[in-house]
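Below is one structure, written out as structure tokens; the observations come after it.
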Amino acid sequence: MKFDTLIKNGLVILEDEAKEVEVGIKDGKIAEIGTDLGEASEVIDAKGLIVSPGMIDAHVHITEPGGGYRDDWEGYETGTRGSAKGGVTTIIEMPLNQVPATTDHESIQVKYEAGKGKLAVDVASYGGLVPYNLDGGIQELDEDGVVAYKCFVATCGDRSIDGDFMNVDDYSLYEGMKQIAKTGKILSIHAENAAITDKLGEIAYKNGETTMAAYVDSRPAFTEVEPIQKLILFAKETGCRIHIVHVACEEGVEAIVKAQKEGVDVTCETCTHYLYFYKEELDDIGPVVKCSPPIREKARLEGMWQRVLNGDINFVTSDHSPCNPELKDKDNAFEAWGGIAGVQNNVDVLFDEGVQKRNMSLTRFAEIIAKNPAERFDLKEKGSIKEGKDADFVFIKRDAPYTLKAEDLAYRHQISPYVGREIGAQVVRTILRGQTTYEQAEGLKPEFIGEFIKK
Ligand SMILES: [Zn+2]
């Protein structure tokens, strides 16, 4: 038999155009793209469906192991199954919230061990940059195969937990960037001004503010832009390649585009929730939609979309950042955990909001969910429907509205701000390296065929 699997009759998103072609798969790789390709052991009929590269969600928090502190937040099995059900084939997993945080050889081995045999998607890992791993930790993580590094300039971590993640001070940022520059890998940064956002939050809380709107006001847009500008300056000084995670305002994107024109190696992502929700509705939804940077005013929404459509924003992620339900179930927004669980609803929401409602081209759609993160993080086997690449796909049914229910969610806690929302497109099938991991009629496959990607 020429192929193991042949995908027929779908509208396939190739790198430069979307076209009705067949895709032949052999040994988990895309072997041939064309018409009348010949025989295969299995034929998948994608008639009426869009065949897109599987999503690479470059920002996902899996909280395993939880170290006795966050054991019930999210695990590899549930987190990756929710990903697969949402059309994701690769995640890049963050170095924090699990205990210990991923900051050296020992802690990343703990994580690789914890995820063994429990992956429904391929998983690349971030290593952390923290003030306490400048004495060899960065180099160990490089040798252990992280695809990139992550640090916070905003306050993060719980100081009562030994080994928890910690934001950088200016010196450790500077020193860490010099060390990371030598690895050639990218440093991704959560950019919010720590002192100002902490203090404004503290004052609002003391004044008895409780609403989501007040929470948003405690983290104004300029507190994103200021550290972005500083990070660009540090990047120029150290030669470190940088990526700003979850930018939530247009001014932040503009600062990055300006630096790109000056030759700085900097990119950014935004998240699906910044392209969907807006401040004026947050109090109706509640703390389930709390995150930082916060979701901003409705007047900013189309400006953010414009920057996705024109390519200024490199790609879109979920920042799936779950916790246990108790930490979200608060009357006071300031007391709730800041993080949105949403890994399952990026492909469908972005397809609906981008392609169906805002005329985004199919190739641009494939770029923001797959091609651009693959290129930025040098995942050479991934990201495009092209001969020689991994056979990773998501099949999308367009113009097929459905209302998301909590019981649809396959990750650990069935919590999502998208629950109850009508989404205008559906994920029908997910294929990882030639094998179906999710199919709408039959559900998720029981096998865990995902692997850790090490670079
Ligand atoms: Zn995050």
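Both ligands and their constituent atoms are indexed starting at 1 by order of listing. In this chain, numbering begins with 1 at the start of the sequence shown.
- Side-chain atoms of His320 and Glu74 form a donor-acceptor pair, as typed in the model, at a separation below 3.5 Å.
- A donor-acceptor pair shorter than 3.5 Å cannot be found between the side chains of Gln179 and Thr183.
- In this structure, the ring of Phe315 has its center less than 6.0 angstrom from the ring center of His243.
- Around the Zn ion (ligand 1), protein N, O or S atoms at a distance under 2.8 Å total 3; waters are neither shown nor counted.
- Looking at Thr63 and Arg70, their side chains never bring a donor and an acceptor atom within 3.5 Å of each other.
- The backbone N or O of Gly342 lies less than 3.5 Å from a partner atom in the side chain of Asn346, making a donor-acceptor pair.
- Listed by first and then second residue, the ring-ring contact (aromatic ring centres under 6.0 Å, His included) pairs involving residues 85-114 are Tyr112-Phe452 (not counting sequence neighbours).
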